[in-house]
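The structure under discussion appears below in the form of structure tokens.
When reading the values below, keep in mind they use all heavy atoms of this one structure, side chains included, and skip hydrogens, waters and symmetry mates. None of the values given here were measured: they were computed from a predicted structure. Each chain gets a letter, A, B and so on, in the order its sequence line appears, and its residues count up from 1.
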Protein chains: 2
Amino acid sequence: MKATINDVAKQAGVSIKTVSRVMNNEPSVRQPTRDKVMEAVKELNYKPNLAARNLAGTKAYSIAFIYDNPNAYYVIDMQNGILSACKKQGFELLIHPCNSNSEGILDEITNMVKHSRIAGLVLTPPFSEMPEFVKHILALEVDVVRIMSGDNAPDDLAPCIMVNDHQASMSITQHLIDLGHTSIGFIAGQSEHMSTVERLRGYKQALKDNHLEIDQRLIIDGEYSFESGVQGAKQLMSGEVRPTAIFSCNDEIAAGALFASRLMGVSVPEQLSITGFENSPFSRQTWPRLTTANQPNPKIAEGAANLLIAKARKQAPNNITTEYTPQLVVRDSTSQKVKEQ
Amino acid sequence: MKATINDVAKQAGVSIKTVSRVMNNEPSVRQPTRDKVMEAVKELNYKPNLAARNLAGTKAYSIAFIYDNPNAYYVIDMQNGILSACKKQGFELLIHPCNSNSEGILDEITNMVKHSRIAGLVLTPPFSEMPEFVKHILALEVDVVRIMSGDNAPDDLAPCIMVNDHQASMSITQHLIDLGHTSIGFIAGQSEHMSTVERLRGYKQALKDNHLEIDQRLIIDGEYSFESGVQGAKQLMSGEVRPTAIFSCNDEIAAGALFASRLMGVSVPEQLSITGFENSPFSRQTWPRLTTANQPNPKIAEGAANLLIAKARKQAPNNITTEYTPQLVVRDSTSQKVKEQ
DNA sequence: TTTAAAAATGACAGCGCTGTCAATTCATAA
DNA sequence: TTATGAATTGACAGCGCTGTCATTTTTAAA
């Protein structure tokens with residue numbers, strides 16, 4: 001039934017250890033030997049037993065994905081990206097949803113790391129943006145890759161995959177400005193998330209670049225939720241300064257803003273333009289479909305996982321920073337500002 | 001650092017094997033001995049090493065979740081349910097997204113099962129509804145739990161968790177009828193999915209029970225997608241018989257139908273009532289919010305995983321069938337039928 | 001050629017646990 | 001009490017691999 005390393009060794013006429021070397025891509029194996037082994041591997045459909053590897057060796061063959069995020073689309077995208085990297089490299093994925101605010105969270109993760117041999121962790125916000133947390137994890141001697149918002153790494157604790165929200169927000173805001181909008185509302189996500197900070201920074205930058213005034217009354221605190229979008233839009237549309245466009249920090253907020261507009265009888269995009277951020281599937285399923293910024297989550301996640309795997313194999317330098325910039329996707333929720341109605 | 005079974009044995013003053021017995025809940029250990037061991041376990045924060053267990057023993061400590069479903073909400077819910085059962089019982093979860101139509105799918109799963117020691121698989125549609133597939137998996141000597149649609153198990157290959165879509169569809173349809181609708185459109189999901197068949201059956205049953213005519217022109221083939229909802233609704237609203245309500249086979253279809261209504265200038269729910277199915281988060285984020293049926297996915301999944309774990313421990317009878325009936329959730333997308341406008 | 005250093009390969013122990021089976025302890029009836 | 005079988009506990013091998021270190025083979029310089 002299932003072939004073991006022994007079977008392969010016999011079949012290839014070499015020692016067990018040589019097969020092991022080949023399977024681990026170790027250098028000192030002559031090419032002909034390597035070929036013989038690989039042939040046997042193929043013939044017998046051999047795959048190293050993960051349990052045995054874990055038990056015998058000191059290397060790790062799993063990576064863990066720690067997250068605290070209610071956004072199903074985001075999580076699935078990240079997960080698929082990581083999974084795809086893992087599958088290609090014979091790694092295993094441990095999923096660990098958890099609550100970043102819970103008291104025992106540090107112990108929880110520590111325990112998990114101590115009890116499973118783990119090559120590294122993929123950290124997304126908010127975990128990736130908590131330096132103390134990252135330090136604590138690193139002290140456990142596990143690698144970490146952080147996916148976070150910004151245009152360059154805040155420190156060199158661990159490799160970062162940066163999402164240039166600043167740049168992307170400028171594009172969105174510029175798009176709105178190009179359509180003639182000068183009074184643009186902003187509904188924020190949680191202010192503890194770097195992405196919120198960066199998106200706000202990009203928004204402000206674009207206004208500045210176009211010599212438009214930044215009006216604090218147009219900037220609404222919120223969180224990354226539909227409900228927050230509803231509230232934020234209501235507040236904006238009933239405030240003293242009524243914007244003609246709303247920059248929402250993510251698609252859910254935008255969907256909420258859309259909902260509120262309906263509620264208030266404001267038509268989108270005729271009377272009000274609304275933008276989202278993330279390009280999640282439902283940004284295509286609202287009415288009108290959302291103008292947004294596409295965040296290539298699966299690609300980001302796959303990159304993160306690959307980095308971790310490379311580090312586990314000692315074939316990665318320590319502090320690479322990769323950067324992705326979400327691209328503007330124009331759909332139907334934004335349009336030319338009309339003159340006074 | 002990490003405690004092994006040896007440490008626990010020493011600390012408790014018993015043999016390694018006795019600790020093993022306690023950890024595996026085997027019967028023949030005297031209570032005082034058991035207590036001593038458990039105390040040591042707690043003191044040392046001991047947790048059996050999964051790799052070693054897998055390598056040494058014949059039992060399995062992982063369950064796999066095989067799915068082919070583009071619906072992120074569904075997948076996350078299922079996954080969380082399974083994960084929660086696994087965590088409680090010290091099991092591991094292997095996630096395996098895949099394509100049920102791909103040619104090599106059987107080999108793919110077979111390989112996966114052969115290469116990782118797996119206690120059992122949680123199968124969702126379409127896999128759970130392919131008897132040949134299930135038989136093939138069972139031949140590999142892995143347990144299977146099927147989550148599927150229907151009001152009783154179609155065969156006794158493996159335990160089933162049935163979702164009574166028939167009943168739930170009757171509730172939805174009855175709700176529409178109670179609102180005065182007599183001409184109710186139906187947009188189907190893929191006809192290969194039992195859920196589609198069952199939902200259609202429930203719809204027809206309710207019509208029959210209320211002595212309403214079943215009009216084939218009101219029943220539209222489709223699939224579980226937004227786009228299909230758009231097409232289906234367009235077709236219905238431009239057909240010879242114009243319904244005053246539409247039963248959509250899931251929330252996404254309903255969202256599509258909503259979108260199409262906007263496109264055609266039909267107002268929901270005033271001129272047209274629309275229902276969804278699943279109660280996914282976005283059924284709360286459309287305008288108007290969807291009347292739908294709540295499917296308790298995490299609970300279903302946790303139940304499935306628990307069943308698998310119980311079977312792995314030989315403490316479950318072989319052919320249990322559990323049943324869940326989704327409950328009607330009335331929101332804003334349905335209303336009283338108005339007289340001719 | 002010869003020879004030393006380098007490269008390639010192999011022998012073997014042992015990772016932390018469970019299965020098997022033997023040894024011990026306990027409970028019960030004679 | 002003692003004998004007898006049942007209940008409890010333990011000794012030990014070995015799961016499939018990798019790490020260490022010894023051995024063999026190759027390479028290249030003398």
Here the ring pair (Phe, Tyr, Trp, His ring centres under 6.0 Å) pairs for residues 129-149 of chain A, sequence neighbours left out, are Phe127(A)-Phe133(A)
Across all chains, not counting sequence neighbours, the side-chain hydrogen bond (donor to acceptor under 3.5 Å, both in side chains) partners of Glu323(A) are Asn164(A)
>> Could you check whether Lys299(A) pairs with Asp77(A) (Lys NZ or Arg NE/NH1/NH2 to Asp/Glu carboxylate O, under 4.0 Å)?
In response: no
Those residues at least two apart in sequence (or on a different chain) that pass salt bridge (charged side-chain N to carboxylate O under 4.0 Å, His left out) with Asp35(A) are none
Those residues at least two apart in sequence (or on a different chain) that pass ring-ring contact (aromatic ring centres under 6.0 Å, His included) with His193(A) are Tyr224(A)
Gln31(A) atom CD is separated from dT26(D) atom P, nearest whole Å, by 16 Å
Residues passing the side-chain contact (heavy atoms from CB on, under 4.5 Å) test with Asn45(A), sequence neighbours excluded, are Asn111(B), His115(B)
(request) Would you classify Thr4(B) as touching base, sugar-phosphate or nothing, given that sugar-phosphate means primed atoms plus P, OP1 and OP2, and contacts are heavy atoms under 4.0 Å? (result) sugar-phosphate
The first and last nucleotides of DNA chain C lying within contact of chain A, meaning any atom under 4.0 Å from one of its heavy atoms, run from dA8(C) to dG16(C)
Sequence neighbours excluded, the answer for side-chain contact (heavy atoms from CB on, under 4.5 Å) partners of Glu108(B) is His96(B), Cys98(B), Ser102(B), Ile105(B)
To the nearest 10 degrees, the angle between the two end axes of the helix from dT1(C)-dA30(D) to dA30(C)-dT1(D) (five pairs per end) comes to 40°
The correct set of residues in residues 45-63 of chain A placing a heavy atom under 4.0 Å from DNA chain C is Leu55(A), Ala56(A)
Indicate yes or no for a side-chain donor-acceptor contact from Arg117(A) to the backbone of Gly57(A) under 3.5 Å, with no hydrogens or angles considered.
-> yes
Sorted by chain and number, sequence neighbours left out, side-chain contact (heavy atoms from CB on, under 4.5 Å) with Glu103(A) holds for none
Under 3.5 Å, side chain of Asn24(A) to main-chain N/O of Glu26(A), donor-acceptor pair present?
no
5'-most contact on DNA chain D (nearest-nucleotide basis), Lys17(B) vs Ile16(A), goes to Lys17(B)
Does dA11(D) have its OP1 or OP2 closer than 4.0 Å to a side-chain nitrogen or oxygen of Ser15(B)? no
Show each protein N/O and nucleotides 23-25 of chain D N/O combination with a separation under 3.5 Å, one pair to a line.
none

- prompt: Does one side chain, of Gln11(B) or Glu39(B), offer a donor that lies under 3.5 Å from an acceptor on the other?
  reply: no
Need one value for Thr18(A): base, sugar-phosphate or nothing, where a base atom within 4.0 Å counts as base even if backbone is also close, heavy atoms only.
sugar-phosphate
Salt bridge (charged side-chain N to carboxylate O under 4.0 Å, His left out) pairs touching residues 81-97 of chain A, sequence neighbours excluded, are Lys88(A)-Glu302(A)
Distance col, row Asn69(B):CG vs Ser100(B):OG, nearest 0.5 angstrom, shows 10.0 Å
